[in-house]
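Beneath this line is the structure, given in structure tokens, with notes to follow.
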Amino acid sequence: MIRPGEYIRDIFKAATGTATTARGWVKTRRDSKGVTFIQLSDGSTFADLQIVVETGTIPENILKDVTTGACIAVIGEVVESPAAGQSVELKAREIQVYGAADSTTYPLQKKGHTMEFLRGIAHLRPRSNTFGAVYRVRNAISYAIHKFYQERGFLYLTAPLITTSDAEGAGAMFSVSTLDMMNLPRTSEGQIDYEQDFFGKKAHLTVSGQLEAEIFALAFSNVYTFGPTFRAENSNTPRHLAEFWMIEPEMAFCDLDGNRQLAEEFLKYVIAYVLDNCKADLEFFNKRIDDTVLATLENVAGSDFAHVTYTEAISILEKAVSGGKSFEFPVFWGADLQSEHERYLTEETFKKPVIVTDYPKEIKAFYMRLNDDEKTVRAMDVLAPRIGEIIGGSQREERYDVLLDKIRKQNLPEEHYWWYLELRKYGTAPHAGFGLGLERILMYVTGMKNIRDVIPFPRVPGYADF
RNA sequence: UCCCUGUUAGCUCAGUUGGCAGAGCGCUUGACUGUUAAUCAGGAUGUCGCUGGUUCGAGUCCAGCACAGGGAGCCA
């Protein structure tokens, strides 16, 4: 095992003359008459360690296996590099080959590959520059998320992944069953008899931990979940996954303004953390993936988000239309904001993240708190340029009678919400929360264009390999 | 799921009016006194996505299917 102090990122900081061993995978190799250069990576940092092999030091039968993709250990000495490109390099005294990689068939070449090709070799793409950087940033963001909430006294809640609550309403769900699909038990009415299933009733993979988070917020004040979420929608877009990771904070004694402030503070914190801790990776994204990434992140970390109500957003869009802008979908009060409308607001009007609040009640979920105008609810979407919706949240309806009335008016099965209603019956409190898609924020931070390329192994309709 | 576009060497792509299957990179052999996706010279490499149709002849035209990309919907 590699211990702290032995990673390649540590070797870069070692004093010249230090004897050390580097282990990792060969990115490329260059030969000259008297010297061979090997670029070695162990994933610990963006830069490769340059190994210098003076001809004759290493037996030819070992050196012949040191090709792109091979796994090797190099025993040698840290020396000052005489050439530009790196401050130190490792002068090899001995090389051990753990695993050769046939250079005529190894698919990763020392040249640019398309994301589509790399997606097909998800077992090897973590060794590429791009995906190395993606997964290091993903790791850093995950850590920053816990750090942000823990520093603020939030309780980390692991919400269940399997649920029998069909009250969530956030999208199509995957069934969880042990019934024999070739021989399904039937009720006397001919329906599938879920009483004979593993959980004694119909079960699904969760589409949100929000309801469980509300339970915990009404006991621990501030809580957050951070875990996988599943949506069975047949979505084929660069922004959707069937399995993705979501962070859902839920705060008691919090209204929509507090919710909005936390969302903004949270996004800025995560971005600042990545700027401070993943500089080399971000510089790579800026150079090779999207040359606006660094400027955008620095700008977002240091400026305030725009905030408009839905009603104000509609009037901005209406003004744009009367000024000659044409949209595919009509703009009127009561219509849901389409992707093109969100794009206009973030990319043309404000040119930064925009928080839109107070949507018409008809286009938002039943649990969102009704405003005094009785036409809008305390909903909140954070929209980011290029990505679209990055956060969705709301202040929750904490008034028992109002919530019951909404459940009845929307013809929802009242009996399924018994415990959700009881939370309002026994010690209710104003509370609010939101959901942030981990992969969405990763796309924003890295500039990666497809959500399938910011998760280790994407699950989408028709594809769940690796 | 809907609309549009695409699928040719290991990768990225060109392929004209239907008439011998191409390039760059990678790989390989050699050269080069320190290279940075090294450079220079030589070499090998094909189920033209699949199935059928039209034709003397199909990578090229037609139909169906599969997969991928972009856009839309659903949303985080």
Side-chain angles (χ1 to χ4, degrees), chain A residues 27-39 47-55 64 67-69 79-86 89 91 101-121 128-129 168-172 207-210 225 228-248 263 287-288 327-329 336-343 363-365 381-384 387-393 434-444 449-455 460-463:
Chain A
K27 277 249 180 75
T28 70
R29 164 182 170 171
R30 295 177 293 275
D31 291 295
S32 250
K33 177 130 184 174
V35 65
T36 292
F37 300 98
I38 300 159
Q39 298 295 127
D48 304 321
L49 179 64
Q50 174 159 285
I51 311 293
V52 183
V53 182
E54 284 177 5
T55 303
K64 73 171 171 37
T67 58
T68 301
V79 297
E80 204 174 321
S81 180
Q86 60 283 316
E89 57 195 25
K91 191 174 177 185
D102 183 350
S103 57
T104 61
T105 56
Y106 186 67
L108 274 180
Q109 304 171 355
K110 48 180 173 183
K111 57 167 282 192
H113 287 296
T114 60
M115 296 303 153
E116 294 78 36
F117 172 71
L118 292 169
R119 218 173 284 151
I121 49 166
S128 68
N129 286 333
E168 305 193 14
V207 293
S208 166
Q210 181 197 318
T225 71
T229 303
F230 307 89
R231 302 277 166 91
E233 250 105 31
N234 191 10
S235 296
N236 292 286
T237 82
R239 303 179 302 282
H240 290 89
L241 291 164
E243 177 186 280
F244 63 99
W245 285 64
M246 187 152 67
I247 301 95
E248 295 179 288
K287 190 172 157 198
R288 290 288 175 89
F327 292 113
E328 190 187 339
F329 291 87
D336 207 352
L337 295 181
Q338 303 292 327
S339 290
E340 55 175 346
H341 304 140
E342 296 179 350
R343 277 227 161 108
I363 58 174
K364 289 292 181 183
D381 282 357
V382 181
L383 310 176
I387 313 299
E389 186 178 337
I390 201 166
I391 281 179
F434 59 82
L436 169 89
L438 176 65
E439 288 76 21
R440 293 265 173 96
I441 183 75
L442 261 168
M443 289 173 76
Y444 188 67
K449 304 285 182 293
N450 194 313
I451 201 165
R452 301 170 193 211
D453 301 324
V454 294
I455 190 166
V460 294
Y463 189 84

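To find a chain, count down the sequence lines: A is the first, B the second, and so on, and within it residues start at 1.
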Nearest of [options] to any side-chain atom of [X]?
| X | options | value |
| --- | --- | --- |
| A/Ile451 | B/rA76, B/rG34, B/rG70 | B/rA76 |
| A/Arg231 | B/rG34, B/rG70, B/rC75 | B/rC75 |
| A/Asn450 | B/rG70, B/rC11, B/rG71 | B/rG70 |
| A/Lys33 | B/rA37, B/rG70, B/rU33 | B/rU33 |
| A/Phe117 | B/rU35, B/rA76, B/rU12 | B/rU12 |

Within the side chain of [X], is there an N or O that forms a donor-acceptor pair under 3.5 Å with the backbone of [Y]?
| X | Y | value |
| --- | --- | --- |
| A/Thr237 | A/Arg239 | yes |
| A/Thr68 | A/Lys27 | yes |
| A/Thr114 | A/Phe117 | yes |
| A/Ser235 | A/Ala242 | no |

Contact class for [X] vs. all strands (heavy atom < 4.0 Å): base, sugar-phosphate, or nothing?
| X | value |
| --- | --- |
| A/Phe244 | base |
| A/Pro107 | nothing |
| A/Ser32 | base |
| A/Glu439 | nothing |
| A/Ser235 | base |
| A/Pro461 | nothing |
| A/Gly462 | nothing |
| A/Ile247 | nothing |
| A/Ile390 | sugar-phosphate |
| A/Gln86 | base |
| A/Arg29 | nothing |
| A/Thr105 | nothing |

Span that lies between the [atom1] atom of [M] and that of [N], in whole angstrom:
| N | M | atom1 | result |
| --- | --- | --- | --- |
| B/rA31 | B/rG46 | C1' | 31 Å |
| B/rA58 | B/rA63 | C1' | 15 Å |
| B/rU33 | B/rA37 | P | 22 Å |
| B/rU39 | B/rC62 | C1' | 50 Å |
| B/rC65 | B/rA9 | C1' | 25 Å |
| B/rG53 | B/rU29 | P | 46 Å |
| B/rG22 | B/rA66 | P | 34 Å |
| B/rC61 | B/rC11 | P | 24 Å |

Separation of [X] atom [atom1] from [N] atom [atom2], in whole Å?
| X | N | atom1 | atom2 | answer |
| --- | --- | --- | --- | --- |
| A/Glu340 | B/rC3 | CD | P | 19 Å |
| A/Lys64 | B/rC27 | NZ | P | 17 Å |
| A/Glu116 | B/rC67 | CD | C1' | 12 Å |
| A/Asp102 | B/rU28 | CG | C1' | 11 Å |
| A/Gln39 | B/rG34 | CD | C1' | 12 Å |
| A/Tyr106 | B/rU28 | OH | C1' | 19 Å |
| A/Leu108 | B/rC25 | CG | P | 20 Å |
| A/Asn234 | B/rC3 | CG | P | 14 Å |

Less than 3.5 Å between a donor and an acceptor, one on the side chain of [X] and one on the base of [N], is that the case here?
| X | N | result |
| --- | --- | --- |
| A/Asn236 | B/rU1 | yes |
| A/Arg440 | B/rC75 | yes |
| A/Glu89 | B/rG34 | yes |

Atom pair [atom1] ([X]) and [atom2] ([Y]), whose distance is rounded to the nearest 0.5 Å:
| X | Y | atom1 | atom2 | answer |
| --- | --- | --- | --- | --- |
| A/Ile441 | A/Ile391 | CD1 | CD1 | 7.5 Å |
| A/Ile455 | A/Glu243 | CD1 | CD | 6.0 Å |
| A/Asn450 | A/Glu116 | CG | CD | 7.5 Å |

Does A/Lys449, at its NZ atom, have more than 12 non-hydrogen atoms belonging to other residues, nucleotides or ligands within less than 6.0 Å?
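Enclosed: over 12 neighbouring heavy atoms sit under 6.0 Å from NZ of A/Lys449.
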
Counting primed atoms, P, OP1 and OP2 as sugar-phosphate and everything else as base, the B/S/- map of nucleotides 43-49 of chain B against protein heavy atoms under 4.0 Å is -------

Where each residue is assigned the nucleotide of RNA chain B containing its nearest heavy atom, which of A/Ser81 and A/Lys110 is assigned the position nearer the 5′ end?
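Of the two residues, A/Ser81 wins.
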
Toward the 5' end of RNA chain B, by each residue's nearest nucleotide, A/Gly437 or A/Thr237:
A/Thr237

What dot-bracket string describes RNA chain B from 5' to 3', counting Watson-Crick and G-U wobble pairs whose defining distances are under 3.5 Å, with [ ] for crossing pairs and | for pairs to another strand?
(((((((..((((.....[..)))).(((((.......))))).....(((((..]....))))))))))))....

If the condition is salt bridge (charged side-chain N to carboxylate O under 4.0 Å, His left out), which residues does A/Asp31 pass it with, not counting sequence neighbours?
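A/Arg29.
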
Do [X] and [Y] have side-chain atoms, one donor and one acceptor, less than 3.5 Å apart?
| X | Y | result |
| --- | --- | --- |
| A/Gln39 | A/Arg30 | yes |
| A/Ser208 | A/Glu248 | yes |
| A/Gln86 | A/Ser81 | yes |

Tell me whether the side-chain N/O atoms of [X] come closer than 4.0 Å to OP1 or OP2 in [N].
| X | N | answer |
| --- | --- | --- |
| A/Ser103 | B/rC27 | no |
| A/Gln109 | B/rC27 | no |
| A/Ser339 | B/rG73 | yes |

Aromatic ring proximity A/Phe329/A/His341, centre distance under 6.0 Å:
no

Using the rule given for salt bridge (charged side-chain N to carboxylate O under 4.0 Å, His left out), can you reason through A/Lys364 versus A/Asp336, listing the C-alpha separation, both sets of side-chain angles and the distance that settles it, and then say yes or no?
CA-CA 9 Å; A/Lys364 289 292 181 183; A/Asp336 207 352; 5.4 Å; no

